[in-house]
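Small disclaimer: the values here were computed from a predicted structure and weren't measured. Just so it is clear: chains get the letters A, B, ... in the order the sequence lines come, proteins before strands, and each one is counted from 1.
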There are 2 protein chains.
Amino acid sequence: MYGKRNPDETRRHLLEAAYEEIHRVGFQAASLGRILERTGVTKGALYHHFPNKKALGYAVVDEVIRAQLHAGWVVPLRSADDPVDGIIRVLSERAAEMGDHLVQLGCPLNNLAQEMAPVDEGFRRRIEALFHLWRGGIAEALRRGQREGRVREDRVAEDCALYIVSSIEGCVGAAKSAQDRRVLIACSGGLLDYLEGLRRGEGHG
Amino acid sequence: MYGKRNPDETRRHLLEAAYEEIHRVGFQAASLGRILERTGVTKGALYHHFPNKKALGYAVVDEVIRAQLHAGWVVPLRSADDPVDGIIRVLSERAAEMGDHLVQLGCPLNNLAQEMAPVDEGFRRRIEALFHLWRGGIAEALRRGQREGRVREDRVAEDCALYIVSSIEGCVGAAKSAQDRRVLIACSGGLLDYLEGLRRGEGHG
DNA sequence: TAACATTCATACTGGTCGGTATGTATGGAA
DNA sequence: TTCCATACATACCGACCAGTATGAATGTTA
């Protein structure tokens, strides 16, 4: 397009469009034709940058979703004073940032996980790497909180992180299934209960 | 097949095969050809019993999945003495019954919800009706527990049921994403924490 | 047994898809 | 200026898919 040539830009455009297409309809139902249509890129260009559809999907996970997760969760949690406060704040920030997309289409990472994990091991491993990153960021914050006396020490940080991430995906999934933002709010109440229960001095441990 | 004729049976076979196919690859990727192949039913028979693919999918939700949910969750919870004990017992029973299928392929209802809710309103409503049934069974048990003094009364039963179901789906989803049964166990630990916290006399309310 | 609706069976259609073959324009290096 | 890899563009292919047209059995009813 434009008669101009710019390989890096076209690759970026393809990745962004593929990300949105996959987020909208899933990987298997994603149409290369629609991606090309929306980007103005031609099939020749696409197959120059990616050997096949699967490689494009892999790149979306490895680059686009990974960058979002890193910037949206890992980095912010590093600079949080209190881990529980930090998780709650990041949670609401991410929910606000994604807006209606989160309720309508769900979490891009979890969508892919649920669709592709049983079907393609390459996807599964890449997706699991991102979940590992995510849980790692939360667990690190929780461990720091334990050292600083903010988080109860009778819990294993990694186990808590696993449950927190799963619970987030559960809540987002419920809201998506209902196509109703209020479900996200109501469901998050239970998660907040759990998070508050992780603070130090909450008894019954 | 068999030269014999039996409309009810062929319909049942079709529904069962469709259920399995959808559970395996999702509705959109489900192939009528594969369903016919595995049942031995022909295309003419299929389109005699169902007007189109979508109607077959709807019937799977309305009949197959609904029956499973009713028999597996609603009925058992009605005869539970303690709701928290009951939920925990049903949880493990269901997990045991589905075996590796649960970890490999995930929850049939939630799979469909995540795939189809944003795409087709007919699916969404039917799926949401089943979630309503499920949450209703749990909420009813919790309310009875509150009346009988077994469950703390500073919680709204419906909100708790929403979070419990979402949390279950989150845990199952995590295990499916990891394709690892141990993830299901570890993740359920957090849910058990939450459930135990619903019992009466647990402080910090 | 004759008429008729139900229950299937077979062959075919149009459309979409991922992928490929082939060609062309660009830009940098020698 | 020549050469050549890079970066595209266009046309086409075979596979699969949901859905349809048509007809043949089968069971039911009169």
Rounded distance in Å - [atom1] ([X]) to [atom2] ([N]):
| X | N | atom1 | atom2 | value |
| --- | --- | --- | --- | --- |
| Asn6(A) | dG28(C) | CG | P | 12 Å |
| Glu37(A) | dT16(C) | CD | C1' | 13 Å |
| Ile35(A) | dG18(C) | CD1 | C1' | 12 Å |
| Asp8(A) | dA7(D) | CG | P | 8 Å |
| Leu32(B) | dT10(C) | CG | P | 17 Å |
| Asn52(B) | dC17(D) | CG | P | 17 Å |
| Arg11(A) | dA7(D) | CZ | P | 11 Å |
| Leu36(A) | dG18(C) | CG | C1' | 11 Å |

Taking the nucleotide of DNA chain C with the closest heavy atom to each, which residue, Phe27(A) or Gly44(A), is nearer the 5' end?
Phe27(A)
Taking the side chain of [X] as heavy atoms from C-beta outward, which of [options] is closest to it?
| X | options | value |
| --- | --- | --- |
| His48(A) | dA25(D), dC8(D), dG19(C) | dC8(D) |
| Arg5(A) | dC8(C), dT6(D), dC8(D) | dT6(D) |
| Lys43(B) | dA11(D), dC8(C), dG19(D) | dG19(D) |
| Ser31(A) | dC17(D), dG27(D), dG18(C) | dG18(C) |
| Tyr47(B) | dC8(C), dA18(D), dC17(D) | dA18(D) |
| Pro7(A) | dG19(C), dT7(C), dC8(D) | dC8(D) |
| Thr42(A) | dC8(C), dA7(D), dC8(D) | dC8(D) |

Are the side chain of [X] and the backbone of [Y] linked by a donor-acceptor contact shorter than 3.5 Å?
| X | Y | value |
| --- | --- | --- |
| Gln104(A) | Gln179(A) | no |
| Lys53(A) | Leu32(A) | no |
| Asn111(B) | Leu105(B) | yes |

Before giving the answer on side-chain hydrogen bond (donor to acceptor under 3.5 Å, both in side chains), spell out for Tyr163(A) and Ser167(B) the whole-Å C-alpha distance, their side-chain angles and the decisive distance to 0.1 Å.
CA-CA 9 Å; Tyr163(A) 180 69; Ser167(B) 199; 2.7 Å; yes
Ignoring hydrogens and geometry beyond distance, is a side-chain donor-acceptor pair present between Glu128(B) and Ser177(A) at under 3.5 Å?
yes
Classify Ala30(A) by what it touches in the nucleic acid, base, sugar-phosphate, or nothing, heavy-atom distance under 4.0 Å.
sugar-phosphate
